[in-house]
Amino acid sequence: VKKENKQIGTYYVETLKSGKKSYKKQLKLGVDSMTGKEIITTVSADSFENLKLKVERRKREFLDNGGTLKRQSDPTTFEEVATMWFEVYTLEVKYNTQRATNSHLETYLKPVFGQFLIQKITPAMIQKQVNEWAQNARLPKDGKYRSRGNTKNYDRNLVYLKMIFDFAVGMGLMTANPAEKTKLPRLCKDERQEEKIKHYTKAEVTLMLDGMKDLIPSAVATGEYRFHAMMAYLRLLLFSGVRASEALALTWNDINQKEK
């Protein structure tokens with residue numbers, strides 16, 4: 001049954017098999033701002049009053065969404081923006097860098113700022129947190145390793161914060177980067193609890209090489225010719241300073257045969 005109403009215009013009342021009535025209206029929302037097409041949708045309810053409420057709600061949602069059904073809501077929290085930034089960042093860096101960056105995001109940045117609306121994060125909030133990270137960097141190690149959350153590379157956290165906020169500014173989500181003028185505390189070396197580099201003394205190197213030379217006759221006698229390769233490998237590590245993995249990855253193309 002077709003009916004008219006001053007508030008919502010034409011609508012229809014249909015009697016269902018169950019005997020209940022269904023109220024329906026074809027609603028013209030307007031022209032979609034993203035596609036340029038006219039949007040016509042059907043609104044249905046179990047009573048006329050509910051139909052009026054649904055019609056008004058649908059109109060309001062359409063306008064609040066920028067006059068389109070296609071537009072997705074912009075990220076609003078720090079975590080949402082950081083996740084979007086990281087998706088772009090992973091396309092620009094190697095896998096190991098991705099892993100290291102993600103570790104900083106999940107361990108330091110998201111737990112602190114994740115749930116805040118990104119527009120509400122202030123320079124003072126950032127400075128206070130950077131100061132706390134710097135204080136934690138002064139704490140001694142828990143055995144061989146640092147406790148989770150007490151990295152000495154706290155400066156990387158600030159670097160990533162600045163990159164994320166720059167990304168947000170570029171996306172039109174903020175007007176300025178609140179981390180831009182954050183002061184990074186510079187700790188003394190002894191306050192960083194840095195571990196001294198362990199190295200062999202000249203006497204220890206001599207003792208090691210002499211000991212290996214003493215093993216050469218027995219290695220030759222038993223056919224263990226790989227011993228010579230191992231000794232050459234050890235000498236390369238001792239006198240060049242390359243890492244073990246770097247030495248193992250060397251090929252003949254890495255050797256400068258002319259200048260030696």
Side-chain angles (χ1 to χ4, degrees), residues 29-37 39 41 53-139 146-187:
L29 292 173
V31 177
D32 193 300
S33 61
M34 297 289 287
T35 65
K37 296 181 180 179
I39 303 299
T41 185
L53 292 173
K54 282 192 173 183
V55 167
E56 291 304 316
R57 185 186 305 124
R58 192 67 61 86
K59 289 179 180 179
R60 186 170 60 253
E61 289 174 349
F62 181 72
L63 293 175
D64 290 344
N65 197 43
T68 178
L69 299 180
K70 300 293 184 182
R71 182 179 176 185
Q72 296 181 350
S73 59
D74 291 331
T76 56
T77 66
F78 176 86
E79 183 168 3
E80 291 172 338
V81 176
T83 299
M84 184 180 291
W85 167 80
F86 188 67
E87 290 173 355
V88 177
Y89 184 73
T90 55
L91 301 176
E92 303 171 343
V93 297
K94 294 182 179 180
Y95 178 68
N96 286 342
T97 304
Q98 294 175 27
R99 288 185 59 189
T101 304
N102 188 58
S103 177
H104 279 269
L105 287 177
E106 298 298 331
T107 305
Y108 298 96
L109 305 189
K110 288 184 179 180
V112 175
F113 299 106
Q115 299 308 310
F116 287 119
L117 295 175
I118 194 160
Q119 298 91 340
K120 299 296 183 180
I121 299 175
T122 65
M125 293 168 62
I126 296 171
Q127 185 66 66
K128 181 179 179 181
Q129 186 56 52
V130 171
N131 292 347
E132 183 177 325
W133 286 330
Q135 289 290 345
N136 290 342
R138 304 169 97 181
L139 298 176
R146 286 186 169 274
S147 299
R148 184 176 176 83
N150 294 343
T151 179
K152 67 178 182 179
N153 298 321
Y154 61 93
D155 55 324
R156 296 304 303 170
N157 294 339
L158 181 57
V159 169
Y160 296 134
L161 277 176
K162 289 182 177 180
M163 293 173 72
I164 292 169
F165 285 122
D166 277 341
F167 177 78
V169 171
M171 294 290 291
L173 302 174
M174 308 181 75
T175 56
N177 186 334
E180 190 62 40
K181 294 185 178 181
T182 302
K183 181 175 176 57
L184 183 69
R186 296 292 182 182
L187 304 184

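Treat the numbers as computed from the prediction; the structure is a model and nothing was measured.
Side-chain contact, Glu79 with Thr83: no donor N or O sits under 3.5 Å from an acceptor N or O.
Distance check, rounded to the nearest 0.5 Å: NZ of Lys152 to CG of Asn136 gives 15.5 Å. Rounding to the nearest 0.5 Å gives a distance of 4.5 Å between CG of Asn177 and CG of Asp166. Atom CD1 of residue Ile164 and atom CG of residue Leu105 lie 5.0 Å apart, to the nearest 0.5 angstrom. Remark: Leu109 CG to Phe86 CZ distance equals 11.5 Å, nearest 0.5 Å. Atoms OG1 and CH2, on Thr151 and Trp133 in that order, are 11.0 Å from each other to the nearest 0.5 Å.
Using a 4.5 Å cut-off on side-chain heavy atoms (C-beta onward), Thr41 and Arg58 make contact. Side-chain contact between Ile121 and Ile126: present, with at least one pair of heavy atoms (C-beta onward) separated by less than 4.5 Å. Counting heavy atoms from C-beta on, the side chains of Thr101 and Val93 never come closer than 4.5 Å. For the pair Lys110/Gln115, no side-chain contact is recorded, criterion being any heavy-atom separation below 4.5 Å from C-beta on. Using a 4.5 Å cut-off on side-chain heavy atoms (C-beta onward), Thr77 and Phe113 make no contact. Proximity of Lys59 to Glu56: side-chain heavy atoms (C-beta onward) are separated by under 4.5 Å at one or more points. Looking at Gln135 and Asn131, their side chains never come closer than 4.5 Å, going by heavy atoms from C-beta outward. Within the 4.5 Å cutoff, side-chain heavy atoms of Asn153 are placed close to those of Arg156.
Between Thr68 and Asn65, the shortest heavy-atom distance links the atoms O-ND2, 2.6 Å. The shortest heavy-atom contact between Thr107 and Pro111 is O-CG, 3.6 Å.
For Phe78 and Phe165, the distance between ring centers is under 6.0 angstrom.
A donor-acceptor pair is defined here as one N or O able to donate and one able to accept, closer than 3.5 Å; no such pair exists between the side chain of Thr90 and the backbone of Gln98. A donor-acceptor pair is defined here as one N or O able to donate and one able to accept, closer than 3.5 Å; such a pair exists between the side chain of Glu80 and the backbone of Thr76. For Asn157 (side chain) and Tyr108 (main-chain N/O), no donor-acceptor pair under 3.5 Å exists by modelled atom type. Gln127 places a side-chain N or O within 3.5 Å of a backbone atom of Lys183 that can act as its donor or acceptor partner.
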task: Quick one: do Ile39 and Val31 satisfy side-chain contact (heavy atoms from CB on, under 4.5 Å)? Show the steps, please.
output: CA-CA 6 Å; Ile39 303 299; Val31 177; over 6 Å; no
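Ring-plane geometry between Tyr160 and Trp85 is classed as tilted, the angle between the planes lying from 30 to 60 degrees on a 0 to 90 degree scale.
Counting non-hydrogen atoms of other residues, nucleotides and ligands closer than 6.0 Å to CZ of Phe116 gives a total of 12 or fewer.
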